[in-house]
**Student:** 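My structure is below; once you've seen it, I'll send some questions.
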2 protein chains.
Amino acid sequence: MLSRMSVYTPGQVAEETGFSLDTLRYYERIGLLEPIGRNAAGQRRFTQEDIGWLGMIRCLRDTGMPIAEMLRFAELTRQGEHTIRDRIALLEAHDRRVEAQVANLREKQTAIRNKIGYYRGVVGTGRGLS
Amino acid sequence: MLSRMSVYTPGQVAEETGFSLDTLRYYERIGLLEPIGRNAAGQRRFTQEDIGWLGMIRCLRDTGMPIAEMLRFAELTRQGEHTIRDRIALLEAHDRRVEAQVANLREKQTAIRNKIGYYRGVVGTGRGLS
DNA sequence: GCTTGACCTGGAGCCCGCTCCAGGTGCCAT
DNA sequence: ATGGCACCTGGAGCGGGCTCCAGGTCAAGC
C-alpha cells in the first residue's frame with residue numbers, strides 16, 4: 001500500500017469493470033484505451049480517469065455499439081474539445097438505435113408472451129389446438 | 001401462377017421474413033427448419049407453416065437467443081405435445097432474459113443521455129468542464 | 001435454340017470480439 | 001533464497017453466425 005493516489009492494478013480494474021484482463025489488454029492494443037501508465041516493472045497502473053472511460057465503453061458496448069464506432073468516438077475524444085459537437089451527434093445517433101432496439105425487443109417479447117399464453121391454453125384444456 | 005395453394009419460393013420467403021437465401025438454407029441444414037418440401041425440380045417450396053415457424057425464429061433471434069437454444073426448442077416442438085410444458089419453461093426463461101436485457105439497455109441509455117447532456121453543457125457555455 | 005435468372009449443392013471463407021498460450025519478469029511472504 | 005502469484009508480450013486460435021463461391025440444373029421468354 002504505497003500509493004493511495006488512485007491507481008489500480010489490472011486485476012482490480014477487471015474486477016471493477018467486468019472486463020477481463022485479456023479484454024483490457026486487447027482494448028489498449030487496438031487503441032480503444034490510450035496507452036495505460038506503467039510502474040517501474042512495466043506493469044499497468046490504471047487511473048481513475050481510465051476507469052471512467054471504461055465505464056463509457058461499457059455503456060456503449062452493452063448497448064450494441066460496434067468496436068469500430070467506439071474507436072471513432074475515442075478518436076474524437078482524443079482530438080479535444082472542438083469535436084464535442086461530433087461526439088454529441090454520434091451519441092445521439094446511437095441513442096436512437098438503442099431506442100429502436102428496445103422497441104423491437106418489446107415487440108418480439110409480446111409475441112413470445114402470446115406464444116406462451118397459447119401453450120398455456122393447450123396444456124390447460126388438455127387438448128391441442130395446433 | 002399454377003398454385004394459389006400457399007407455397008412460396010425461397011425468394012418470396014426471404015423477402016417476407018428478412019432472412020437471406022443463404023440463411024434459410026443454413027437453418028435447414030442445421031435442423032432449425034425441418035426439411036423443406038421440394039418441387040419436381042428439387043427447388044424448395046415453403047408452406048405457410050414454414051413461414052410461421054420462421055416468424056417464431058425471428059422473434060427468438062431478435063431477442064438474442066443463441067442458435068443452440070433455438071435448436072433445443074425446435075427439437076421439443078418436433079417431439080410433440082407432451083413437450084409443451086418444457087417449451088413454456090424455455091420461453092419463460094428466455095422472456096426473463098429479455099426483460100433483463102431491456103432493463104440493462106435502459107440503464108445504459110440513461111448514462112449515455114447524461115453524457116450527451118454533459119456535452120451540451122460544455123458547448124453551451126463555450127468552456128470546458130473536463 | 002439461346003439467354004437469363006432463380007434455384008441447387010458442398011464446402012470454404014469471413015468478420016467480430018475476444019480468449020488462450022508459451023515463455024518470461026518482478027514483487028512479496030515465508 | 002525460494003516459491004507463488006500477478007503481471008508482461010506477441011501471436012495464434014476460437015465460436016458464433018452467417019456469407020460466398022464454383023459449378024450445375026431447370027424454365028420461360030425472345
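Letters A, B, ... mirror the listed sequences (proteins, then strands); counts begin at 1.
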**Student:** Round to a whole Å and report the spacing from CZ of A:Arg45 to P of D:dA6.
**Tutor:**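 After rounding, the reported distance stands at 13 Å.
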
**Student:** Quick one about B:Thr47 and B:Asp50 (side-chain donor to acceptor, distance below 3.5 Å, no hydrogens or angles considered), yes or no?
**Tutor:**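 Distance-only check passes for B:Asp50 and B:Thr47.
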
**Student:** Kindly point out which of C:dT19, D:dC7, C:dC8 is positioned nearest to the side chain of B:Arg44?
**Tutor:**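 In terms of side-chain proximity for B:Arg44, the closest of C:dT19, D:dC7, C:dC8 is C:dC8.
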
**Student:** Could you tell me if the ring centre of A:Trp53 sits under 6.0 Å from that of A:Phe46?
**Tutor:** no

**Student:** Taking atom P of C:dA6 as reference, at what distance in whole Å does atom CG of B:Leu24 sit?
**Tutor:**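 Checked: the CG to P distance equals 16 Å.
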
**Student:** Can you tell me how far P of C:dC7 sits from CD of B:Gln12, to the nearest Å?
**Tutor:** 8 Å

**Student:** Any side-chain N or O of A:Thr9 under 4.0 Å from OP1/OP2 of D:dC7?
**Tutor:**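 Yes, A:Thr9 has a side-chain N/O under 4.0 Å of OP1/OP2 on D:dC7.
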
**Student:** Is there a path of hydrophobic side-chain contacts, each under 4.5 Å between heavy atoms of I/L/V/M/F/W/Y residues, joining A:Tyr26 to A:Leu60?
**Tutor:**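 Yes, A:Leu60 and A:Tyr26 fall within the same hydrophobic cluster.
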
**Student:** How long is the line joining CD1 of B:Ile30 and C1' of D:dC18, in whole Å?
**Tutor:** 10 Å

**Student:** Check whether the side chains of B:Arg113 and B:Tyr118 place a donor and an acceptor atom closer than 3.5 Å, and report yes or no.
**Tutor:** no

**Student:** Taking only nitrogen or oxygen atoms into account, show me every contact under 3.5 Å that the protein makes with nucleotides 12-17 of chain D, one pair per line with its distance.
**Tutor:**
| from | atom 1 | to | atom 2 | distance (Å) |
| --- | --- | --- | --- | --- |
| D:dG17 | OP2 | B:Ile67 | N | 3.3 |

**Student:** Do the side chains of A:Arg97 and A:Glu69 get close enough for a salt bridge, i.e. N-O under 4.0 angstrom?
**Tutor:** yes

**Student:** Using atom types as modelled and distance alone, determine if a side-chain donor or acceptor of B:Thr83 lies under 3.5 Å from a backbone N or O of B:Gln79.
**Tutor:**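 Looks like no, no N/O pair under 3.5 Å.
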
**Student:** How many whole angstroms separate atom CG of A:Leu71 from atom P of C:dC18?
**Tutor:** 12 Å

**Student:** Report yes or no: is the cationic atom of A:Arg58 (NZ for Lys, CZ for Arg) under 6.0 Å from the centre of the six-membered ring of A:Phe19, at an angle within 45° of the ring normal?
**Tutor:** yes

**Student:** Figure out the CG/C1' separation between B:Leu21 and C:dT9, and round it to whole Å.
**Tutor:**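 Whole-Å distance recorded here is 14 Å.
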
**Student:** Expressed as a whole number of angstroms, how long is the span from B:Arg38:CZ to C:dC7:C1'?
**Tutor:** 10 Å

**Student:** Would you compute the distance between atom OG1 of B:Thr23 and atom CZ of B:Arg25 and round it to the nearest 0.5 angstrom?
**Tutor:** 9.5 Å

**Student:** Show each protein N/O and nucleotides 23-26 of chain D N/O combination with a separation under 3.5 Å, one pair to a line.
**Tutor:**
none

**Student:** More than 12 non-hydrogen atoms from neighbouring residues, nucleotides or ligands closer than 6.0 Å to CZ on B:Arg72, yes or no?
**Tutor:**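 No, because the 6.0 Å sphere around CZ of B:Arg72 holds 12 heavy atoms or fewer from other groups.
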
**Student:** Measure from the side-chain heavy atoms of A:Asp22 and tell me the nearest of D:dC7, C:dT19, C:dC7.
**Tutor:** C:dT19

**Student:** Just N and O in the side chain of A:Arg25: are any of them under 4.0 Å from OP1 or OP2 of C:dG17?
**Tutor:**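 No, A:Arg25 has no side-chain N/O under 4.0 Å of OP1/OP2 on C:dG17.
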
**Student:** Any side-chain N or O of B:Thr23 below 4.0 angstrom from OP1/OP2 of D:dT19?
**Tutor:** yes

**Student:** Find the distance B:Leu33:CG to D:dC18:C1' and express it as a whole number of Å.
**Tutor:** 15 Å

